[in-house]
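So the structure is just underneath, and the comments pick up after that.
Please read these numbers as outputs of a predicted model, since none were measured by experiment.
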Amino acid sequence: MGRLITKQDDSPGAPSVLMLSYGLWQRVFGGDPHIIGKETNLNNAKATIIAVMPRGYSFPPGQPDPTEAWGSLQLDPNHVSPGGHNFDVLGRLAPGVTLAQARQEMSRLVARWAESASPKNHVFTPKDHYPSMYSFYDEVVGSVRKAMLLLLGAVVLVLLIACVNVANLLLARSESRQREIAVRRAIGASTSNLATQFVVEGLALASMGAVLGVGVAFGSLRLIQSTNAGSIPRASEIALNLPVLLFALAVSLLIGVLFGLAPFIHVSAIRVFETLKSSSSRSSSGIASKRFRNVLVVAQISMAFALLAAAGLMMRSFWNLQQVNVGFNPKQLLTFRLALPQATYKDNAARASFWSNLQEHLQTIPGVVSVTMAGDVPPVRPELDNDTDIEGFVPVANGPIQNVAFYQATGDHFFETLGARLIDGRLPDSTDQNENSPGVVVNAAMARTFWPHQSAIGRRIRPSGTKAWCRVVGVVADIKNAGVDKPVGNELFYSYKLSTPSGFDVVIKTVGDPMSVASEARRTVASLDSTLPLAKMRTMDDVVAAATTRPRFLTLVLGMFSMLALFLAAVGIYGVIAYSVEQRTAEFGIKMALGAQQQQVLLQVVRQGLTLGLIGVAVGVSGAFLLNRFLEGMLFGVSKSDSSSLLVTASLLTLVSVLAAFLPALRAMRVEPVRALRYE
């Protein structure tokens with residue numbers, strides 16, 4: 001309903017307008033059909049509701065916490081920091097224009113702007129501001145494309161392993177039915193009649209598997225969505241709809257036909273007269289058929305090896321991520337987000353007063369050790385890339401520029417509350433809040449960048465948008481800011497009283513369980529301003545865990561697929577060797593009648609399974625290297641060709657091959673010679 005934001009709405013000083021999501025309209029405004037044109041409060045200021053978006057609409061798509069309301073930016077060029085780099089720009093290409101052409105045009109524009117550069121005029125330059133243009137689709141899902149292809153490959157491999165298993169078992173079954181098939185042919189059954197019979201049997205198996213698979217899929221989908229936690233864009237939109245079910249049905253029917261016909265290879269080779277002449281209802285299989293079944297088992301093992309190797313690398317990578325030092329102690333920390341409405345807290349003094357009062361009141365809650373604030377909590381924060389004047393810094397070719405990736409406004413006792421480690425100088429105190437010469441703290445990465453092999457203490461810098469020069473009073477060990485798996489960027493810490501933001505993450509250190517003080521913290525905030533909502537209340541352990549959600553999810557799903565593949569491969573080995581033992585009952589009986597020991601028979605059968613396993617592992621190594629190419633960029637602290645992971649995977653599969661062959665081997669070992677010969 002309503003209309004979209006117009007150019008007039010986006011003019012500086014224009015009346016505020018608001019577009020609602022469908023969910024917000026239903027939840028907060030009761031689905032009022034006459035909502036368009038009504039006023040509501042936005043940051044304690046009046047805003048007119050001009051639109052309700054359709055059900056399911058999300059922009060930007062793929063957010064863990066979807067946006068529920070949209071307003072006009074009303075960007076005023078006269079009141080924007082020229083050194084800030086905190087806006088995303090979107091544009092629709094003109095008809096017939098490609099992304100490559102747009103990039104070329106942007107490069108020409110940047111080069112032209114560079115010609116007008118001057119010390120007092122901040123403009124784009126090719127050296128410092130290279131154009132980064134992407135399709136919006138790639139921006140949303142590009143980071144997970146490899147992961148999705150990897151999971152798709154895992155699904156296909158598991159499907160192939162299962163199909164090979166079924167084909168192998170049907171093949172063995174058809175060999176045991178050679179006399180039956182010969183009788184059918186003798187009384188007039190045509191090749192097409194026999195082919196139809198096998199296809200129907202294959203379709204029956206595939207159909208039953210498909211029905212069970214749909215049931216498993218419903219449960220798996222909930223597991224994926226519950227463990228995903230925002231790691232995959234638009235995961236909440238995944239559903240088992242009609243197209244998905246039809247696709248699964250089509251794949252199942254195709255597999256039923258193809259692998260149902262697999263036993264037909266031997267049917268076409270049956271000689272009716274010779275088969276009927278045989279006195280036994282079971283004909284011994286030929287060397288060619290045995291080799292073919294063994295090849296299928298080797299294929300299963302090799303595919304399982306590739307999956308297991310990939311899962312092993314992901315597990316090692318995830319383990320390495322868990323061991324990363326994030327630069328602070330997340331234990332016993334509670335955090336939540338507060339945003340002050342600009343209409344109520346109009347200036348720096350009003351905001352500073354509120355944050356100071358909040359810190360004092362929260363400090364009085366029983367069980368609270370200390371309280372602080374942060375512009376954004378680590379280990380993942382938005383990168384600002386602010387131009388920063390650094391006294392005495394001389395740029396060199398291909399060296400760093402005077403730009404700091406992360407600015408962090410902090411409350412009192414920030415470093416003590418988070419448990420950060422001081423490595424040089426001192427931590428800030430009340431004397432560092434002097435507006436004329438404030439004291440600031442930098443991280444070790446910034447100290448190494450701008451003052452290599454020197455002490456950063458006493459150096460002067462001037463942050464973007466300020467006039468005062470700041471003194472560096474301390475250097476702290478790097479606190480992760482770009483992500484757990486990313487290198488730490490340069491970071492500048494300064495007191496919130498110098499330039500107070502309207503939004504803060506409040507961090508509370510407690511004696512015991514952080515959530516035990518959550519309700520009291522809510523009451524404390526409400527006592528200061530009942531209009532302020534608390535957002536994202538969670539422990540810092542959860543914050544750190546959320547930073548590794550995607551590798552955890554991929555490790556979980558890939559691990560499940562690889563375990564399933566390992567199980568299917570073991571079943572395949574067991575089936576082939578069990579059938580082989582059954583076919584060789586008379587052989588084992590004769591050997592034992594002639595003096596062969598039970599242990600010799602056992603070793604002979606186990607050796608067969610071990611041989612299949614070793615060949616499968618050898619073939620699977622090349623497949624593992626091929627699949628592991630998709631892991632590039634998703635691994636942390638481990639190479640895609642890590643030899644130890646491959647060795648562990650090979651050992652595991654070899655062990656499983658031996659165990660799968662052991663049960664049929666025990667059966668062969670217990671064959672009674674007289675009974676076996678009489679039976680034959």
Side-chain angles (χ1 to χ4, degrees), residues 16 18 24 40-45 47 60 63-76 79-81 84-88 333-362 371-386 404-414 417-418 463-466 479 481 491-508 518 521-522 524-540 542-543 546-547:
S16 295
L18 197 63
L24 185 65
T40 187
N41 282 332
L42 177 64
N43 289 331
N44 276 8
Q63 291 181 311
D65 300 308
T67 300
E68 293 194 289
W70 299 265
S72 54
L73 182 61
Q74 296 187 359
L75 184 64
D76 188 349
H79 295 87
V80 176
S81 171
H85 304 79
N86 55 329
F87 287 105
D88 292 324
L333 293 181
L334 178 71
T335 179
F336 57 86
R337 185 77 182 176
L338 272 183
L340 304 180
Q342 296 178 359
T344 306
Y345 302 88
K346 298 181 179 180
D347 53 32
N348 193 68
R351 293 191 293 270
S353 175
F354 173 84
W355 294 122
S356 178
N357 289 335
L358 176 65
Q359 195 167 354
E360 291 178 5
H361 282 73
L362 290 174
V371 180
T372 191
M373 286 91 66
D376 291 285
V377 290
V380 183
R381 301 179 47 225
E383 188 170 337
L384 300 178
D385 293 321
N386 285 331
V404 177
F406 297 93
Y407 277 21
Q408 179 71 288
T410 65
D412 298 336
H413 315 298
F414 172 81
T417 302
L418 265 68
S464 175
T466 64
I479 299 173
N481 44 31
E491 187 162 14
L492 170 66
F493 303 90
Y494 59 92
S495 172
Y496 75 95
K497 296 177 182 178
L498 302 178
S499 178
T500 309
S502 57
F504 257 137
D505 283 315
V506 180
V507 182
I508 303 175
R522 291 183 183 275
T524 301
V525 173
S527 68
L528 296 176
D529 189 337
S530 59
T531 66
L532 296 179
L534 275 69
K536 298 182 179 180
M537 179 172 278
R538 49 190 175 163
T539 67
M540 283 297 292
D542 291 337
V543 174

Would you check if the side chain of [X] reaches a backbone N or O of [Y] as a donor-acceptor pair within less than 3.5 Å?
| X | Y | result |
| --- | --- | --- |
| Gln408 | Gly375 | yes |
| Thr335 | Val506 | yes |
| Ser527 | Thr524 | yes |
| Tyr407 | Ser464 | yes |
| Ser72 | Gln74 | no |
| Thr372 | Asp412 | yes |
| Gln359 | Gly411 | no |
| Asp505 | Val377 | yes |

Nearest 0.5 Å, what's the [atom1]-[atom2] distance between [X] and [Y]?
| X | Y | atom1 | atom2 | value |
| --- | --- | --- | --- | --- |
| Arg351 | Leu340 | CZ | CG | 8.0 Å |
| Gln342 | Leu42 | CD | CG | 9.5 Å |
| Leu384 | Phe406 | CG | CZ | 7.5 Å |
| Met540 | Ile508 | CE | CD1 | 12.5 Å |
| Ser495 | Met373 | OG | CE | 8.5 Å |
| Leu498 | Thr410 | CG | OG1 | 9.0 Å |

Side-chain contact, heavy-atom cut-off 4.5 Å: [X] with [Y]?
| X | Y | result |
| --- | --- | --- |
| Pro378 | Leu418 | yes |
| Val525 | Phe336 | yes |
| Ser356 | Tyr496 | yes |
| Trp355 | Leu338 | yes |

Run the numbers on His413 and Val371 for side chain to side chain contact (heavy atoms under 4.5 Å, CB included), then give the verdict. CA-CA 7 Å; His413 315 298; Val371 180; over 6 Å; no
Can you name the nearest heavy-atom pair linking [X] to [Y], along with the distance?
| X | Y | value |
| --- | --- | --- |
| Leu492 | Pro463 | CD2-CG, 3.8 Å |
| Leu334 | Ala518 | CD2-CA, 4.0 Å |
| Leu528 | Leu358 | CD1-CA, 3.6 Å |
| Ala69 | Leu24 | CB-CD2, 4.1 Å |
| Leu534 | Met537 | CD2-CE, 3.4 Å |

Taking it one step at a time, do Arg337 and Asp376 satisfy side chain to side chain contact (heavy atoms under 4.5 Å, CB included)? CA-CA 9 Å; Arg337 185 77 182 176; Asp376 291 285; 3.9 Å; yes
Checking Asp529 now: which residues fulfil side-chain contact (heavy atoms from CB on, under 4.5 Å) with it, not counting sequence neighbours? Tyr345, Phe354, Thr531, Leu532
Which residues satisfy the salt bridge (charged side-chain N to carboxylate O under 4.0 Å, His left out) test with Asp542, sequence neighbours excluded? none
